[in-house]
Protein chains: 2
Amino acid sequence: MTVSKTADKTAEKSSEKPADTAKGRKDAAEAQGAAEALQLGELSEQLGYVLKRAQLKVFENFLRCMASLQLTPAQFSVLLLVEKNPGRNQTEIASTLGILRPNFVALLDNLESRDLCARIRSTNDRRSHILVLTDKGKAVLTRAKKLVATKHEARLNDLLGQANREALIEMLSKIANEF
Amino acid sequence: MTVSKTADKTAEKSSEKPADTAKGRKDAAEAQGAAEALQLGELSEQLGYVLKRAQLKVFENFLRCMASLQLTPAQFSVLLLVEKNPGRNQTEIASTLGILRPNFVALLDNLESRDLCARIRSTNDRRSHILVLTDKGKAVLTRAKKLVATKHEARLNDLLGQANREALIEMLSKIANEF
DNA sequence: TATTGTTATACTCTATAACTATA
DNA sequence: TATAGTTATAGAGTATAACAATA
């Protein structure tokens, strides 16, 4: 455990943080000695509420599965997108992921400092940086995909079943794209 | 529009913020002149990715629907939980929602300053504050529920259908509770 | 003049430590 | 000694403005 959820600053600090992000919430829920659980009531039917709680759980599980590679969901998504779209610049990769250009700089600094991807000055337009995966980046991404498939997705399949998992992702995509 | 996503500081500032949280992301995706969309590839099958994007969309829609009442998802969840569980203290309400006690103080200060809920010193244990909704709080919550039902949930039903919406919430609850 | 990458900065959310008043 | 509410504070995430280099 002890996954650094952060890890985007230019100078990485792989210090043993006191806890995964999960800890705080868990503490919050377990602090007092279980004095009769509260009634959630309509809250358990609120889409936003269950969506947010589910998202937190999924990200926590992702971080645990990726602990050996030290990849956050955001970093993994960048690597996936750069692999699938080599030759694109920072603006294109960032905006596709909903990351603002200023915030993408530190994230890329981190990946580049770990030799997972590289900025290449474009010859066509010398303002832009083309992004590519390094050999190490490709290797790490391959291992990351395997971890996601065997640990992360497998867990979800156990919980929901293959068919439900696909239906879930389809509905979430629809919400993300059309809501 | 111009919903202040924040609104938790003790002294509320209902200044016209430059933009809803959504704007930044939208700008990020539309900034450059649509130079051939990128391939999402495996990203569109990643649970965490679609979950996060869907959650952001749902929260944005929630804020728009609640603009007239100026209630955030977190504030709405507190009002719902206090209504359903009157006589509970701050620690119990906060921990059930996964909010840490220190962070719950400003949130409550805001609701109390708007006369939506009240802290009452417990007679049994003078350390704790019992939480209750004020009459105004009950009235606002009633209106909020109607807005959620007629605008927010209705939108989701249009998009997915009633049956799918229920299946979605059930799956998300399962993930939130068992993943 | 407009755009790319960048810096600086601010605000929100989340997290921990430590104080106070009560128990 | 332990707990409830609180304060102070720090770290990530996310947002905007503005600058240098380039177009």
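Labels below follow one simple rule: chain letters A, B, ... track the order of the sequence lines, proteins then strands, and each chain is numbered from 1.
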message: For A:N85 and B:Q39: C-alpha separation, side-chain torsions, deciding distance, then whether side chain to side chain donor-acceptor pair (under 3.5 Å) applies.
response: CA-CA 7 Å; A:N85 302 273; B:Q39 300 277 329; 6.0 Å; no
field: Whole angstrom value for the distance that separates P of D:dA4 from CG of B:L108
entry: 15 Å
- request: Please state how far atom CG in B:D125 lies from atom P in D:dG5, giving the value in whole angstrom units.
  value: 8 Å
statement: B:R119 meets the side-chain contact (heavy atoms from CB on, under 4.5 Å) criterion, sequence neighbours left out, with B:Q90, B:V105, B:L108, B:D109, B:E112, B:H129, B:L131
- request: Report the nucleotide, chosen from C:dT7, D:dT22, C:dA23, that has the shortest atom-to-atom distance to any side-chain atom of A:V105.
  value: C:dT7
query: How close or far is atom P of D:dT7 from atom CG of B:D109, stated in whole angstroms?
result: 7 Å
query: Considering only heavy atoms and no angle criterion, is a donor-acceptor pair shorter than 3.5 Å present between the side chain of A:R126 and the base of D:dT22?
result: no
- prompt: Has B:R88 got a side-chain N or O lying under 4.0 Å from the OP1 or OP2 atom of D:dA4?
  reply: no
task: Could you tell me the separation between the CZ atom of B:F59 and the P atom of C:dC13, rounded to a whole number of Å?
output: 10 Å
- prompt: Taking everything shown except B:E170 itself, do over 12 heavy atoms lie less than 6.0 Å from its CD?
  reply: no
Of all pairs that satisfy side-chain hydrogen bond (donor to acceptor under 3.5 Å, both in side chains), the ones with a partner from residues 130-140 of chain B, not counting sequence neighbours: none
query: For A:I120 and C:dG5, what is the distance between atoms CD1 and P respectively, to the nearest whole Å?
result: 13 Å
message: Does a side-chain N or O of A:R101 approach OP1 or OP2 of D:dA17 to a distance below 4.0 Å, or not?
response: no
- prompt: What's the closest nucleotide to the A:N103 side chain, out of D:dT14, C:dT4, C:dT16?
  reply: D:dT14
field: Interatomic distance, B:F104 CZ vs C:dC13 C1' [rounded to whole Å]
entry: 15 Å
Donor-acceptor contact below 3.5 Å, side chain A:N164 vs main chain A:L160: yes
- request: On DNA chain D, check which nucleotide each of B:S128 and A:P102 is closest to and give me the residue with the more 5' one.
  value: B:S128
message: Using the side-chain heavy atoms of B:L100, tell me which of these nucleotides is nearest: C:dA15, C:dT6, D:dG5.
response: C:dA15
- request: Could you check A:K52 against A:I130 and say which one's nearest nucleotide on DNA chain C is further toward the 5' end?
  value: A:I130
- prompt: Between A:R119 (CZ) and C:dT4 (P), how many Å, whole number?
  reply: 15 Å
- prompt: Whole-Å distance between D:dG13 P and A:L56 CG?
  reply: 13 Å
task: Examine D:dG5: is either OP1 or OP2 under 4.0 Å from a nitrogen or oxygen in the side chain of B:T91? Give yes or no.
output: yes
